[in-house]
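Working notes, beginning with the structure itself.
Just so you know, residue 1 is the first one in the sequence shown, and it goes up from there. Note: hydrogens, waters and symmetry copies are ignored here, and every other heavy atom, side chains too, is used. Small disclaimer: the values here were computed from a predicted structure and weren't measured. Atoms within each ligand, like the ligands themselves, are counted from 1 in listed order.
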Amino acid sequence: MISRSMIPFTRRWVVKIGSALLTRDGAGLERSMLAPWVEQISARRVAGNEVVLVSSGAVAEGMARMGWQARPKALHALQAAAAIGQMGLVRAYEDCFQARGLHTAQVLLTHDDLADRARYLNARSTIRTLLKLGVIPVINENDTVATDELRFGDNDTLAALVANLIQADLLILLTDQDGLFDRDPRAHADACLIPETRVDDPQLDQVAGGSVTGLGTGGMVTKVRAARLAARSGTPTVIAPGRGEDVLGRIGEGERVGTLLVPFQGPQAARKQWLAGHLQVRGRVTLDAGAVSALREKGTSLLAVGVKKVQGTFNRGEVVACVDESGCEVARGLINYDVQEVERVKGQPSSRFEAILGYLDEQELIHRDNLVLL
Ligand code: GLU
């Protein structure tokens, strides 16, 4: 179970910044408010963290550009504002990060993208590659085609789904509050900050179900929900004060900042449950003894070279069982190629994929992060 003292040893972070922290009184984006975040994220990179940024602010910037004083009620007007403002949002991040010698990448996602197996794997490999390249992914909801976050989330849920997607070690939801309180701090002077608890603590239902903060979209209700979602892949969440000095640095040092919500199970157990519970096994691959021991003893990914036989009808992103030569199941995981492709590359080294298939999607048939040993 993770505690504060373990946070300095976490590596992959998803940091979510809401519009309220980037704009003054609902006006357009303010670079002076964005710059400290860029500075802190750059410092985390130097400290060894991989950081994925989930940022809203597109609607606010779009409204400012169009000279709209009040947030439009019509969803399509909000969507238009988001499309207009997204240009300014990514430009502002690009300029600020570039000044620190860091490249950024725009990633627009929807919840549906992450529910679809193949798109999930595509998004995952792209973000993983960006991180390997040392680039900062700047993620927002694709508000033109989806409206989930416009309506209820201000990207809290999206950030949790991204944490699931890349198996983040930590999700940080920055807010304009100090964290989660046991009662509404505006109504009760004696309300206490909850420094740390488990995501399944029933106290949180009262806090989240009650009136605590209720700041329109992205209030504490969605934050607690997001933390519970992140916990499904074993990721802990810090609901942190976005207005504090060097918040990310202090969290990274293990300081008691905001509220830490810890998952009830570790990443491997969480992933196992997810693979076991949510997905049907669509096929199986029979492995030679070398591949079985590499998976079991070294925790490697599954490579085509160790596959002897393929059965079933599966597509990229579906669950496939890995069995040994006696038919005993060793592992299961999300496969990167469909059955016809695996049939063609089985027994071959990944270096031959391009010659055989005409392309190379991934080196591995099943990446070890998507594989659960049984
Ligand atoms: N994706 C939206 C944005 O970036 C969400 C925020 C909102 O609803 O205002 O602006």
> Within the distance-only criterion (no hydrogens, no angle test), does the side chain of Arg4 pair as donor or acceptor with the backbone N or O of Pro195 below 3.5 angstrom?
Replying inline: yes
> Distance from Ile166 atom CD1 to Arg12 atom CZ, nearest 0.5 Å?
Replying inline: 5.5 Å
> Is any N or O atom of Asp154, backbone or side chain, closer than 3.5 Å to an N or O atom of ligand 1?
Replying inline: no
> Of the backbone atoms (N, CA, C, O) and the side-chain heavy atoms from C-beta on, which set of Gln86 has a member under 4.0 Å from an atom of ligand 1: side chain, backbone, both, or neither?
Replying inline: neither
> Quick one: does Gly57 get a heavy atom under 4.0 Å from ligand 1?
Replying inline: yes
> What about Ala58: any of its N or O atoms under 3.5 Å from an N or O on ligand 1?
Replying inline: yes
> For ligand 1, which part of Asp143 has a heavy atom less than 4.0 Å away: the side chain, the backbone, both, or neither?
Replying inline: side chain
> Taking atom CZ of Arg256 as the centre, does the number of heavy atoms from other residues, nucleotides or ligands within less than 6.0 Å exceed 12?
Replying inline: no
>> If I take atom CD from residue Glu94 and atom NE2 from residue His103, how far apart are they, to the nearest 0.5 angstrom?
In response: 9.0 Å
> Taking N or O atoms only and a 3.5 Å limit, does Ser56 qualify as a polar contact for ligand 1?
Replying inline: no
>> With heavy-atom distances below 4.0 Å as the criterion, list the atoms of ligand 1 near Leu150.
In response: 8 (O)
> Of all the atoms in ligand 1, which lie at a distance below 4.0 Å from a heavy atom belonging to Asn155?
Replying inline: 1 (N)
> Do the side-chain N and O atoms of Asp112 and Thr110 include a donor-acceptor pair separated by under 3.5 angstrom?
Replying inline: no
> Should you measure from each heavy atom of Arg71, which atoms of ligand 1 turn up under 4.0 Å away?
Replying inline: 7 (C), 8 (O), 9 (O)
> Does Asp246 have any side chain to side chain contact (heavy atoms under 4.5 Å, CB included) partners at least two apart in sequence or in another chain, and if so, which?
Replying inline: Gln40
>> Do Thr10 and Asp169 pair up side chain to side chain, a donor and an acceptor below 3.5 Å, judged on atom types alone?
In response: no
>> For ligand 1 and Asn140, I'd like to know whether there is a polar contact (N/O to N/O, distance under 3.5 Å).
In response: yes
